[in-house]
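Report on the structure given below.
Ligands are counted one by one from 1 in listed order, and the atoms in each one are counted from 1 as well. Just so you know, these numbers come straight off a predicted model, no measurement behind them.
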Amino acid sequence: MDDETAMDNVTLDDERLTREDVAHLEWARTLARGGWGRVHPNPLVGCVIVRDGRLVGQGYHAEFGGPHAEIVALGEARSSAEGATAFVSLEPCNHEGKTPPCADALVRAGVSRVIYGVAEPGKREGGGADALRRSGIEVVGPVWGEQVGRAENPAFFHTHTHKTPYVALKLAMSLDGRIAGAPGESTRISGPEAEREVHRLRTGFDGVMVGSGTVRADDPRLTVREVSRGRTPVRRLILDARGEMQANAALFDDIADAPVHVFTRQDVDEGDIERLESAGAQLHPVPHDQNGLELGAVLSVAWEIGVESILCEGGARLAASLLREDRVQRVYCMISPITLGSQGVAAFSEEAESLDWSRFSPALAPETHGRDTLIVLDREGG
Ligand SMILES: NC(=O)c1ccc[n+]([C@@H]2O[C@H](COP(=O)([O-])OP(=O)(O)OC[C@H]3O[C@@H](n4cnc5c(N)ncnc54)[C@H](OP(=O)(O)O)[C@@H]3O)[C@@H](O)[C@H]2O)c1
Ligand SMILES: [Zn+2]
């Protein structure tokens with residue numbers, strides 16, 4: 001990120017902040033991303049310690065229950081932390097959790113200034129920033145608006161205020177907005193680098209969800225294979241109202257490593273339940289309406305079984321239903337330089353023209369993965 005773009009994120013009107021400060025804070029934000037797949041439901045946090053313009057320590061929260069970013073960075077800086085400035089992407093914690101509070105550790109290390117990116121959600125006062133100020137440390141922050149905090153840790157912010165899973169929708173699409181060459185057909189759209197990125201994305205979610213049309217067309221596995229696995233196995237959530245999934249579906253090949261949860265209508269046949277259960281699926285009957293399974297009920301069950309974040313990977317109909325009901329907080333569009341033409345499946349089905357996108361806007365800079373481009377849109381308010 002260049003200096004100008006970094007400065008654009010600054011919402012604080014504070015003369016104590018130099019361009020170098022902002023760049024250090026951006027670096028803490030970038031470092032934080034190293035914890036993806038290993039720390040959720042905790043947030044990604046990065047920390048940089050700088051003394052006399054020299055970086056003397058850096059770190060990120062790398063493992064759930066492990067040391068926080070500040071502790072890692074202080075450990076690297078050792079005595080150089082004395083009189084230094086600590087840059088932390090999220091407000092340092094002030095509560096005794098799995099590890100002692102970072103605010104105390106910063107005080108003990110003799111840091112003289114703390115600059116932090118985003119306030120801990122829901123904490124107006126009584127947080128780490130207050131504790132640091134009371135100890136005589138100069139504190140500058142929050143430097144960024146909440147939208148930056150949400151962009152980096154969307155599920156963490158969402159579940160702080162909602163008791164429903166955070167839902168991100170990911171679709172691989174052609175330049176002409178198609179997700180398959182023809183209805184019911186399986187089409188390879190993304191290149192290998194983009195596929196690897198999707199596997200990496202999966203590691204940061206509790207569950208991956210698809211509709212029955214996708215299972216029928218693609219017979220996907222939806223596991224993490226191209227990159228190292230996340231801390232917890234990703235649970236596969238399938239919306240199969242009529243319980244038609246076959247016991248030889250590829251999803252069941254990995255059942256020992258990653259559970260399969262199948263959501264069906266309540267009036268599904270006993271025989272179908274037995275077939276799916278003996279294949280290893282956990283069945284969840286939920287109410288339905290004319291559009292299919294009631295998505296509110298599906299998400300409530302997911303929440304009850306501990307799935308706090310979901311990456312929905314299609315297909316077109318399920319994507320449209322989730323968007324129509326305003327249940328999507330983020331959209332990942334992985335766009336490939338190909339065109340599939342008018343026979344192709346439109347990304348958001350025939351409902352595309354009636355969807356309201358006014359609350360979505362770019363959350364992160366577009367990324368290239370091989371020949372593909374990833375665009376990330378967040379819904380206002382998370
Ligand atoms: N490029 C990509 O990123 C991507 C990703 C996924 C899929 N695809 C492609 O998309 C096509 C499949 O898409 P699709 O639209 O046919 O299928 P889909 O969205 O995967 O599944 C739709 C089916 O899910 C079930 N469902 C249950 N409750 C629902 C609800 N509330 N809303 C919507 N669906 C609900 C319904 O079938 P039942 O009544 O039978 O349960 C419905 O027909 C395939 O060609 C596949 O290759 C592409
Ligand atoms: Zn901490």
> Is there side-chain contact between L377 and Y332, with at least one heavy-atom pair below 4.5 Å?
Replying inline: no
> What part of V215, side chain, backbone, both or neither, has a heavy atom within less than 4.0 angstrom of ligand 1?
Replying inline: neither
> How close does the nearest protein non-hydrogen atom get to atom 9 (C) of ligand 1, and which residue and atom is it?
Replying inline: I179 CD1, 3.9 Å
>> Does R229 have more than 12 heavy atoms from other residues, nucleotides or ligands lying within 6.0 Å of its CZ?
In response: no
> Mind checking whether P183 has an N or O less than 3.5 Å away from an N or O of ligand 1?
Replying inline: no
>> Students should be able to answer this: which protein heavy-atom is nearest to atom 21 (O) of ligand 1, and at what distance?
In response: G213 N, 3.1 Å
>> Using a 4.0 Å cutoff against the non-hydrogen atoms of G314, which atoms of ligand 1 qualify?
In response: 6 (C), 20 (O)
> For the Zn ion (ligand 2), does an N/O/S atom of C93 lie at less than 2.8 Å?
Replying inline: yes
> For atom 19 (O) of ligand 1, what's the nearest protein heavy atom and its distance?
Replying inline: L318 N, 2.9 Å
> Among the N, O or S atoms that H68 has, which is closest to the Zn ion (ligand 2)?
Replying inline: ND1
> Cation over ring, R231 on F64, under 6.0 Å and within 45°?
Replying inline: yes
> Side chain, backbone, both or neither: which part of E185 comes within less than 4.0 Å of ligand 1 when only heavy atoms are counted?
Replying inline: backbone
>> Within ligand 1, which atoms have a heavy atom of L171 less than 4.0 Å away?
In response: 3 (O)
> Relative to W357, does R379 satisfy both conditions: NZ or CZ under 6.0 angstrom from the six-membered ring centre, and within 45 degrees of the ring's axis?
Replying inline: no
> Just which atoms of ligand 1 are under 4.0 Å from any heavy atom in A241?
Replying inline: 38 (P), 39 (O), 41 (O)
> Which atoms from ligand 1 have a heavy atom of I189 less than 4.0 Å away?
Replying inline: 1 (N)
> Non-hydrogen atoms of S349 versus ligand 1: any pair closer than 4.0 Å?
Replying inline: no
> With a 4.0 Å heavy-atom cut-off (strictly under), which part of V210 contacts ligand 1: side chain, backbone, both or neither?
Replying inline: neither
>> Under 4.0 Å, heavy-atom basis, I'd like to know which part of D218 is in contact with ligand 1: side chain, backbone, both or neither.
In response: side chain
> Does D219 reach the main-chain N or O of A250 with its side chain, forming a donor-acceptor pair under 3.5 Å?
Replying inline: yes
> What protein heavy atom sits nearest atom 35 (C) of ligand 1, and how far off is it?
Replying inline: N291 O, 4.4 Å
> Does ligand 1 have a heavy atom under 4.0 Å from the side chain of A217, from its backbone, from both, or from neither?
Replying inline: side chain
>> Which residue and atom name correspond to the protein heavy atom nearest atom 36 (C) of ligand 1, and how close is it?
In response: S212 OG, 3.8 Å
> With only distance considered, is A316 within less than 3.5 Å of ligand 1 through an N or O on each side?
Replying inline: yes
> Which atoms of ligand 1 have any heavy atom of R317 under 4.0 Å away?
Replying inline: 15 (O), 19 (O), 22 (C), 33 (C), 42 (C), 43 (O)
> Nearest to atom 3 (O) of ligand 1, what protein heavy atom do you find, and at what distance?
Replying inline: A172 N, 2.7 Å
>> Test of understanding: given a 4.0 Å heavy-atom threshold, classify the contact between E313 and ligand 1 as side chain, backbone, both, or neither.
In response: backbone
> Any side-chain donor-acceptor pair under 3.5 Å between E26 and N9?
Replying inline: yes
>> Give the atom numbers and elements of ligand 1 that come within less than 4.0 Å of a heavy atom of D240.
In response: 41 (O)
> Under 3.5 Å, is there a donor-acceptor pair between the side chain of T187 and the main chain of G181?
Replying inline: yes
>> Under 4.0 Å, heavy-atom basis, I'd like to know which part of S321 is in contact with ligand 1: side chain, backbone, both or neither.
In response: side chain
> Purely on distance, is any nitrogen or oxygen of T214 under 3.5 Å from one on ligand 1?
Replying inline: yes
> Nearest protein heavy atom to atom 31 (N) of ligand 1, by residue and atom, and its distance?
Replying inline: L293 O, 3.0 Å
